[in-house]
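Before any comments, here is the structure.
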Amino acid sequence: MSSKLIFTLLVALIFLSVFTSPAFASNAETKGNPHHKKVVNVAHRGASGHAPENTIAAFDKAFQMKSDFIEIDVQMTADGKLIAIHDTTVNRTTDGTGSVSDYTLEEIQQLDAGSWFGEEFAGEQIPTFEEILDKYRGKIGILIELKSPELYPGMEQKVAEALKERNMDKPRNGKIIVQSFNHESVQLSKELLPRIPHGVLAGMSWADVTDEELEEFATYADYFNPNMNIANEDLIDRVHGKDMKMWPYTVRTQEQADRLLDLKVDGIITDFPEYVHRHPGKN
């Protein structure tokens, strides 16, 4: 081999080491850094820290903020229509009064569901479940909470029918999930929609959930989504040990988000999607 060729090869090696090594190192650091784990960003009732909850305005805002999912609460009107609203009465989030179940769809959509949050949202309606599916499917994940299903016999079937009509009852990268605090309702929904992931919601009363109870949940649920105040390293390890994921609720401060990020939860349900994105340089 000539000295000229050897010199050329040496120059090439030096060039590669100087100009490519940092990039490779950066990629390796990113892959190996636990804080770069993808945490699913779930906008609670939409981006409800920025717009009136469970409205198209809040769901649009969540999409604009690049949330991975919108979380919606599903209930039923007097005439059996599925709508998105959290409380079992309309008092808090509209200009009306009384139980959700006392209103027909036409009546409930006459209510103003935005002014309570801000004048710029005056005239926002309570959206239907089908409207939400049609507007956001394929654009953002939808976490469907069956709200107080014990008040609405047949709600699980109606939700399943709406999804099946749109061919949304089959896996779409896990972008449709059904959950509820009513675990019997989750079981029924899972029977109706066996290919869709399901989750059990767990309030403070589940702080001492046993391994046996988690094992039972795992027979029909893919997620154990607790109140954030009972989320800790031990619980996360035990949930993961049952092959379930954990998305705690409901984050409303940066400090709350940071604690959950440090615990390495799988997702965070929040009113403020921006809190789930860890600040640059924060470990």
Side-chain angles (χ1 to χ4, degrees), residues 38-77 81-87 90 92-96 100 103 105-147 158-159 162-163 165-168 172-179 196-197 199 225 247-254 256-257 267-278:
K38 172 63 175 173
V39 177
V40 179
N41 190 325
V42 185
H44 182 240
R45 310 176 198 168
S48 55
H50 300 277
E53 64 183 59
N54 280 312
T55 64
I56 296 299
F59 301 141
D60 280 349
K61 184 65 174 177
F63 177 73
Q64 292 164 10
M65 296 180 77
K66 296 180 168 49
S67 295
D68 299 304
F69 277 78
I70 52 174
E71 184 264 354
I72 68 174
D73 300 292
V74 178
Q75 295 191 58
M76 273 172 56
T77 60
K81 304 301 182 182
L82 298 171
I83 58 169
I85 187 170
H86 177 270
D87 298 1
V90 300
R92 180 176 63 86
T93 58
T94 78
D95 58 348
V100 170
Y103 285 81
L105 177 61
E106 183 178 1
E107 291 169 342
I108 211 163
Q109 290 199 314
Q110 299 303 311
L111 301 178
D112 181 344
S115 291
W116 68 274
F117 191 91
E119 292 181 4
E120 68 272 30
F121 298 107
E124 281 289 328
Q125 290 183 317
I126 295 173
T128 67
F129 178 57
E130 288 85 354
E131 179 184 1
I132 295 166
L133 293 181
D134 291 338
K135 184 173 176 63
Y136 299 105
R137 62 174 174 170
K139 297 179 180 177
I140 191 169
I142 305 175
L143 176 59
I144 302 161
E145 180 179 345
L146 306 176
K147 179 62 67 175
K158 285 181 178 288
V159 167
L163 291 170
E165 285 172 6
R166 291 160 176 80
N167 198 32
M168 296 172 71
R172 290 289 186 277
N173 298 320
K175 286 296 188 177
I176 298 291
I177 302 171
V178 178
Q179 66 176 1
I196 284 183
N225 295 339
W247 293 0
Y249 68 90
T250 303
V251 162
R252 295 187 172 96
T253 70
Q254 187 65 59
Q256 292 168 345
I268 294 176
I269 300 173
T270 179
D271 291 352
F272 298 89
E274 66 269 29
Y275 293 161
V276 178
H277 300 298
R278 186 180 290 274

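Keep in mind that this is a model prediction, so the values were computed, not measured.
- Between the side chain of Glu107 and the main chain of Tyr103, no donor-acceptor pair closer than 3.5 Å is present.
- With Arg166 contributing its side chain and Arg137 its backbone, the two residues share no donor-acceptor pair below 3.5 Å.
- Every ring-ring contact (aromatic ring centres under 6.0 Å, His included) that Phe117 has, sequence neighbours left out, goes to Phe121.
- A donor-acceptor pair under 3.5 Å is formed between the side chain of Glu71 and the backbone N or O of Arg45.
- Of the possible donor and acceptor atoms, one in the side chain of Gln109 sits under 3.5 Å from a partner among the backbone N and O of Ile126.
- Within 6.0 Å of the CD atom in Glu119, the count of heavy atoms belonging to other residues, nucleotides or ligands does not exceed 12.
- Side-chain contact annotation: His50 with Gln64, donor-acceptor N/O pair under 3.5 Å absent.
- The distance from atom CZ of Arg252 to atom CG of Asp271, rounded to the nearest 0.5 Å, is 4.5 Å.
- Pro127 approaches Ile56 most closely through the heavy-atom pair CB-CD1, 4.1 Å.
- The main-chain N or O of Ile70 is never found under 3.5 Å from a side-chain atom of Ser67 such that the two would form a donor-acceptor pair.
- In this structure, the side chain of Gln75 engages the main chain of Ile85 through a donor-acceptor pair within 3.5 Å.
- Looking only at distances, no side-chain donor or acceptor of Asp68 sits under 3.5 Å from a matching main-chain atom of Val42.
- The line from CD1 of Ile268 to NE2 of His277 is 10.0 Å long, rounded to the nearest 0.5 Å.
- When atom types are taken as modelled, the side chain of Asn41 and the backbone of Pro273 share a donor-acceptor pair closer than 3.5 angstrom.
- The backbone N or O of Asp112 sits less than 3.5 Å from a side-chain atom of Asp95, completing a donor-acceptor pair.
- Remark: side-chain polar atoms of Gln254 are paired, donor with acceptor, to backbone N or O of Tyr275 under 3.5 angstrom.
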